[in-house]
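The analysis underlying the following values was restricted to heavy atoms, covering all of them including side chains, and did not include hydrogens, waters or symmetry mates. Residue numbers begin at 1 in each chain, while the letters A, B, ... track the order of the sequences. Please read these numbers as outputs of a predicted model, since none were measured by experiment.
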There are 2 protein chains.
Amino acid sequence: MTQPSRASIGAKRNPATETAVLAAAQDILAEGGIQALTMEAVAKRARASKATLYRWWPSRARLLLAVYSASKDSLPTPDTGSLHGDLVAYVGAMLRHWSEMPEGRVLRHLIAEAQSEPAVMEALKAQRAARWHHIRQLLDRAAARGELAPGLDVAACETRIAALAWFWLLTDTIPTPADLPTEIDQLLAPVLAPAG
Amino acid sequence: MTQPSRASIGAKRNPATETAVLAAAQDILAEGGIQALTMEAVAKRARASKATLYRWWPSRARLLLAVYSASKDSLPTPDTGSLHGDLVAYVGAMLRHWSEMPEGRVLRHLIAEAQSEPAVMEALKAQRAARWHHIRQLLDRAAARGELAPGLDVAACETRIAALAWFWLLTDTIPTPADLPTEIDQLLAPVLAPAG
DNA sequence: ACATATGGGAACGCTGCGTTCATATATAGA
DNA sequence: TCTATATATGAACGCAGCGTTCCCATATGT
């Protein structure tokens, strides 16, 4: 299991190093959780030097970010025929990714780090913009079907959905798959009685 | 400004020590932000020893929590006659507290710490339960006025509101007081078109 | 008087961050 | 072919902050 240390391959970056570092980081994450993921531990496990590590990932937060980004967005954009069904499928997949995959569990700590590191905050913002595209698609399809209330602010609606998902993540209250349909139902339910 | 060091007052806890520590922590927070709030810095400023500090606040997170809890819940429970108005007033006050008061700014870091420290997570949960009582009151009054949609799950609605506020806090996108009414409007707006 | 619990001061070990240095290696360009 | 360049490494360093431990002084209350 212990491969030999890599050497420079000349005046260009060694791709094997990046691979080894990210793999090591993911392994450590899976085995010891986030607090085990220190720069020293990653360097040791990847058989890279801290100098190399810091050359390419200037801070621990940046490394975390790279690990999270490397976890491919394998989330589907389902098409079940109704907004409710689509949301249950999509949000359900997202929650599963967050709670079950070691890389997914990183997000909550990235959010945490972002509270102290503006760079991480910016990076997360960019990541969000990309990922929310999926939610937007679901909403657009629902609009095309005439499901949505006229005059609905789609951007605000996106935020509403994502905010709830974050809240679940950050308060350790992610609903079970069995409960999710009800939760989505309540999310879509109107608060106010129809104007009379 | 530099008071003399306190001594033991015998076989009972010196209240002046607790006061001095919390005051020092708040001062440091106001001057240098959260990253300046280290146990060493607080001890030095409060002219207490680290031993004393750790006797009463066993970890940095517990100290943060004490500082946040000490910031009185001065949030009003307004009664403007409509749910929309009440929410604008209440959530607006909450957002102002979070963004302007040094102690308020602690919350985001407590949320961050909670992601690694179960004890903080539990404490925050308890704090939440207490604070949300206010939102519940607003909703209950709205229900009494017949404003709410029949069959609305009030608890889910509470969560929806709080989740959005958290999201604003954690993504550095707290709306301005001028924008808040629109945001609340969109929060209350129905997503789906009336069933036909 | 005496056990008790507090508060202070100082030092310690530990971990982890981020840096620096000298050295070896392979590339790219002339 | 020769040379400048950029890479990777290992080892060591400084630094900060956490949490702990000893020793001692002090006031309590019994």
Side-chain angles (χ1 to χ4, degrees), chain A residues 2-25 28-29 32-67 109-110 112-113 116-117 119-120, chain B residues 2-25 28-29 32-67 109-110 112-113 116-117 119-120:
Chain A
T2 57
Q3 285 117 8
S5 183
R6 276 163 312 285
S8 166
I9 60 169
K12 65 200 289 195
R13 181 172 183 182
N14 189 343
T17 299
E18 178 168 19
T19 305
V21 166
L22 290 181
I28 291 173
L29 209 52
I34 196 89
Q35 78 284 358
L37 190 70
T38 68
M39 296 300 260
E40 323 242 350
V42 172
K44 191 170 185 178
R45 178 144 190 165
R47 298 186 165 267
S49 76
K50 281 174 63 178
T52 304
L53 215 59
Y54 275 99
R55 183 193 297 280
W56 302 111
W57 298 273
S59 73
R60 182 174 179 275
R62 293 288 282 274
L63 179 57
L64 280 179
L65 202 59
V67 171
H109 297 281
L110 279 173
E113 296 260 14
S116 312
E117 291 213 24
V120 179
Chain B
T2 55
Q3 284 118 7
S5 185
R6 276 163 312 285
S8 166
I9 59 170
K12 65 200 285 193
R13 182 171 181 184
N14 188 344
T17 299
E18 177 169 18
T19 305
V21 166
L22 290 181
I28 291 173
L29 208 53
I34 196 90
Q35 79 284 359
L37 190 70
T38 68
M39 296 300 259
E40 322 242 351
V42 172
K44 191 170 184 177
R45 178 141 188 167
R47 297 184 166 268
S49 78
K50 281 175 62 181
T52 304
L53 216 57
Y54 276 99
R55 183 193 299 278
W56 301 111
W57 298 272
S59 74
R60 181 174 180 274
R62 293 288 283 273
L63 179 57
L64 279 179
L65 202 59
V67 171
H109 298 282
L110 279 173
E113 298 261 16
S116 311
E117 292 213 24
V120 180

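Taking each heavy atom of B:Val67 and B:Ala25 in turn, the nearest pair found is CG2-CB, 3.6 Å. Listed here is the closest heavy atom pair of A:Leu22 and A:Ala66: CD2-CB, 4.1 Å. Scanning both residues, A:Ile28 and A:Ala36, for their nearest heavy atoms gives CG2-O, 3.5 Å. Summarising the geometry of B:Val21 relative to B:Ala46, their closest heavy-atom pair is CA-CB, 3.8 Å, with the distance given to 0.1 Å.
Picking from D:dA8, D:dT9, C:dT19 the nucleotide with the shortest atom distance to the side chain of A:Arg13 gives D:dA8.
D:dA8 atom P lies 7 Å from atom CZ of A:Arg55, rounded to whole Å. Rounded to whole Å, atom P of C:dC12 lies 18 Å from atom OH of B:Tyr54. Rounded to a whole Å, the CZ atom of B:Arg47 is 12 Å from the P atom of C:dA10. Remark: P of C:dT19 and CG of A:Leu53 are 12 Å apart, rounded to the nearest angstrom.
Across the helix from C:dA1-D:dT30 to C:dA30-D:dT1, the helix axis at one end is tilted relative to the axis at the other end by 10° (nearest 10 degrees, each axis from five pairs).
To the nearest 0.5 angstrom, B:Thr52 atom OG1 is 14.0 Å from B:Arg47 atom CZ. In this structure, the separation between CG on B:Leu53 and NZ on B:Lys44 is 14.5 Å, given to the nearest 0.5 Å.
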Check: residues 54-65 of chain B side-chain donor-acceptor pairs under 3.5 Å, at least two apart:
unit_1, atom_1, unit_2, atom_2, d
B:Ser59, OG, B:Ala61, N, 3.4
B:Ser59, OG, B:Arg62, N, 3.3
B:Arg60, NE, B:Leu37, O, 3.1
B:Arg60, NH1, B:Glu113, OE2, 2.7
B:Arg60, NH2, B:Ile34, O, 3.2
B:Arg60, NH2, B:Leu37, O, 3.4

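With sequence neighbours left out, B:Ala51 forms a side chain to side chain contact (heavy atoms under 4.5 Å, CB included) with B:Ser49. Checked against side-chain hydrogen bond (donor to acceptor under 3.5 Å, both in side chains), B:Thr38 has no partners two or more places apart in sequence or in another chain. Under the salt bridge (Lys or Arg N to Asp or Glu O under 4.0 Å) criterion, A:Glu18 pairs with A:Arg13, sequence neighbours left out.
A heavy atom closer than 4.0 Å to some atom of DNA chain C occurs in A:Ser59, A:Arg60, these being the qualifying members of residues 56-65 of chain A. The stretch residues 34-44 of chain A has no heavy atom under 4.0 angstrom from DNA chain D at all.
Using a 4.0 Å cut-off, some side-chain N or O of B:Thr52 falls inside it from OP1 or OP2 of C:dG8.
Applying the 3.5 Å distance criterion, the base of C:dG18 shares a donor-acceptor pair with the side chain of A:Lys50.
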